[in-house]
Protein chains: 2
Amino acid sequence: MATILEVAKKAGVSVATVSRVLNNRHQVREVTRSKVEQAIIALNYEPSVLGRNLRNSESRLLLVLIPSIANPFYTEIINGIEDTAIKEGYNIMLCETDSNPQREAIYFNLVRNRMADGIILMDPTINRNNVLQLADQHPIVQCSEFDKDGLISYVSINNELAAYQAVKHLIKIGRQRIALINSEEKFLYARERRAGYERAFREYGRSVNPSYMYNIKGLSFENGQQAMRMLLEQQEKPDAVFAVSDVFAIGALKEIHEAGLSVPDEIAIIGFDKISFSNMTYPTLTTIAQPMYRMGSISAEMIIAKIRGEKVESRLLEHELIIREST
Amino acid sequence: MATILEVAKKAGVSVATVSRVLNNRHQVREVTRSKVEQAIIALNYEPSVLGRNLRNSESRLLLVLIPSIANPFYTEIINGIEDTAIKEGYNIMLCETDSNPQREAIYFNLVRNRMADGIILMDPTINRNNVLQLADQHPIVQCSEFDKDGLISYVSINNELAAYQAVKHLIKIGRQRIALINSEEKFLYARERRAGYERAFREYGRSVNPSYMYNIKGLSFENGQQAMRMLLEQQEKPDAVFAVSDVFAIGALKEIHEAGLSVPDEIAIIGFDKISFSNMTYPTLTTIAQPMYRMGSISAEMIIAKIRGEKVESRLLEHELIIREST
DNA sequence: CTGAAAGCGCTAACAC
DNA sequence: GTGTTAGCGCTTTCAG
């Protein structure tokens, strides 16, 4: 494996000159440059990023932390991150926390020990103190879930408003008993979406029925299915469901099918996120579209700006109600 | 940001000693060790992996190349990779190629310039010559799709046999007109699965009907849906479909529903992979389960062994036919 | 058991 | 325009 020194010798120049052509500094004569380039080709030389990183004290790596890569909500965000990261000369290290604090600790150390230049954090279950402590020393941006105190920059959507619009849509199509399948309320998005649900009820002079509101642990299809099973066991079944994720909604839909009920005739259902599956269900799923790709690409821009020492502003992006067959 | 030198000074020892306690070398007196440890805590010191990497000429990073993170087939494999990588002190850089040769080139360079110690390659569309050239110089393992010439280590399953069993299952439940929704045959798995499909036909003395065999571009739900649409336009509709991925099968299922046909009564359908969503469709999907987690974890073990300079053997793992409601 | 010192491969002052 | 040289932060002989 050739080094810069060997290239320099072969080309009959100094390592500094080689470094200059490598980094496209324009203070190199054309003749010299081509001599160097030939030596590079002859030796099949590839500059070691290890030396460069140490010298520049940077890794050009972005750490992206998600709870689970299997959750399709994150995949499009990651696309957005990756595209802009590459454009800016960064690569991403995608890591799953499994919402496991130990893993989280390992990954946080990756930025402490300079393996990564910054973190885009998408795990909502994170320990708040640890994050704040890390944010004190290192660039960090939260995407989707965030800390309301505003100490850490974030990009997200207006969850309260989105939920409000979702439930209002169900009310407008004439539904009376609207259930809520929600996550645990330790998550900000869960609290805000419940608030939106309640606001819609208030606005139409209705009172919420706590037995129609489920907070479930976990984020999988099966969890949504379980919640729906409980809901269907009630004396008076709901005639509509607002699920705070498409994944939950799809699980719920499955359960409704198994119970032999029809969607949307007997039960209307609305999800959240607009993951690609949501268009493959039968019937297709009404949902709130989050601008996931943009959320990712803006997160990447923000974290890179922070790494460069620039000031950045948190952002709330637009969402959109997508009406399809399930309502 | 404290350096090893500052710690050494504070503890009144040399940097060598600090390095020794950092790396748990046992040739350090207990008193000295604790002096150093206190200094580390006092200074809130974190060793820089940049210096260490340069010195050791390794990055402890594994590059994982997949066509698309949105494809659920890969997500469980990645889980397997990540778990064993962490156990061995490696982290993974997950990168999407989008089956784009330019991106592929960027990522291949990551190992050439020592940003990553090795590659787990899962993109089937890769340029063969480039891979072979890279494999000549750097550790690389193929997962799932591989090169039959055996020049590069791989872990996969017996695709021909799996497809044969899938089709045999359809024959055994009495289906006469069994269609095949396949990928492009530039992929080895597509060729092998077709071979398995044909073997089952031969074994039962049937001849294949080319108009029931579709090779489609792309890997998305929509592609499966399109293929099914074509299939349903034939004078004599198929009464069963073998799709080479669950994603295709789910798209096909959607199209069958839209055509008002019932599954499995009018058309039986079998997928491939056993992604989690395959259990949430209506009806649930019969499929071939690939041992995705194990494929991932074995790939990781193999690449790490290679990095260490050990010899490794390619592996074909067991699959399993999972019969559910769609057949 | 500990320290001195060389050096991993690169970049960027600084000098000419 | 180009070369010399001093590190970036760490690990590891080699001495003692």
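Just so it is clear: chains get the letters A, B, ... in the order the sequence lines come, proteins before strands, and each one is counted from 1.
The pair R128(B)-D149(B) meets the salt-bridge criterion, since a charged nitrogen lies less than 4.0 angstrom from a carboxylate oxygen.
At whole-Å resolution of the value, CG in L5(A) and P in dT4(D) are 11 Å apart. Spacing between atom NZ of K9(B) and atom P of dC10(D) amounts to 13 Å, rounded to whole angstrom units. Here the P atom of nucleotide dC10(C) and the CG atom of N113(B) are 10 Å apart, to the nearest Å. Atom CD1 of I4(B) and atom P of dG7(D) are 18 Å apart (whole Å). Atom CE of M1(B) is separated from atom C1' of dC8(D) by 15 Å (rounded to the nearest Å). Atom CZ of R60(B) and atom P of dT11(D) are 12 Å apart (whole Å).
Taking a 4.0 Å limit (strictly below) on heavy-atom distances, residues 37-55 of chain B reaches DNA chain C at L54(B), R55(B). Contacts between residues 11-30 of chain B and DNA chain D, counted as heavy-atom distances below 4.0 Å, involve A16(B), S19(B), R20(B), N23(B), R25(B).
When the shell of 6.0 Å around CD of E184(B) is examined, it contains more than 12 heavy atoms from other residues, nucleotides or ligands. Atom CZ of R103(B) has more than 12 neighbouring heavy atoms from other residues, nucleotides or ligands inside a 6.0 Å radius. Enclosure of atom CD in Q102(A) is not indicated, since only 12 or fewer non-hydrogen atoms of other residues, nucleotides or ligands lie within 6.0 angstrom.
Taking each heavy atom of S183(B) and F187(B) in turn, the nearest pair found is CB-CD1, 3.8 Å. Y107(A) and L65(A) make their closest contact through CB-CD1, 3.7 Å (heavy atoms, listed as atom of the first residue, atom of the second, distance). Contact record, M122(A) with P67(A): O-CD, 3.9 Å, taken as the closest heavy-atom pair.
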Can you give me every donor-acceptor pair (side chain of residues 298-311 of chain A, partner residue at least two apart or in another chain, under 3.5 Å) with its distance?
{"unit_1": "S299(A)", "atom_1": "OG", "unit_2": "M295(A)", "atom_2": "O", "d": "2.5"}
{"unit_1": "K306(A)", "atom_1": "NZ", "unit_2": "I140(A)", "atom_2": "O", "d": "3.1"}
{"unit_1": "K306(A)", "atom_1": "NZ", "unit_2": "S153(A)", "atom_2": "OG", "d": "2.9"}
{"unit_1": "R308(A)", "atom_1": "NH2", "unit_2": "E88(A)", "atom_2": "OE1", "d": "2.9"}

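Backbone-only engagement by T3(A) is indicated by non-hydrogen atom pairs under 4.0 Å involving sugar-phosphate atoms exclusively.
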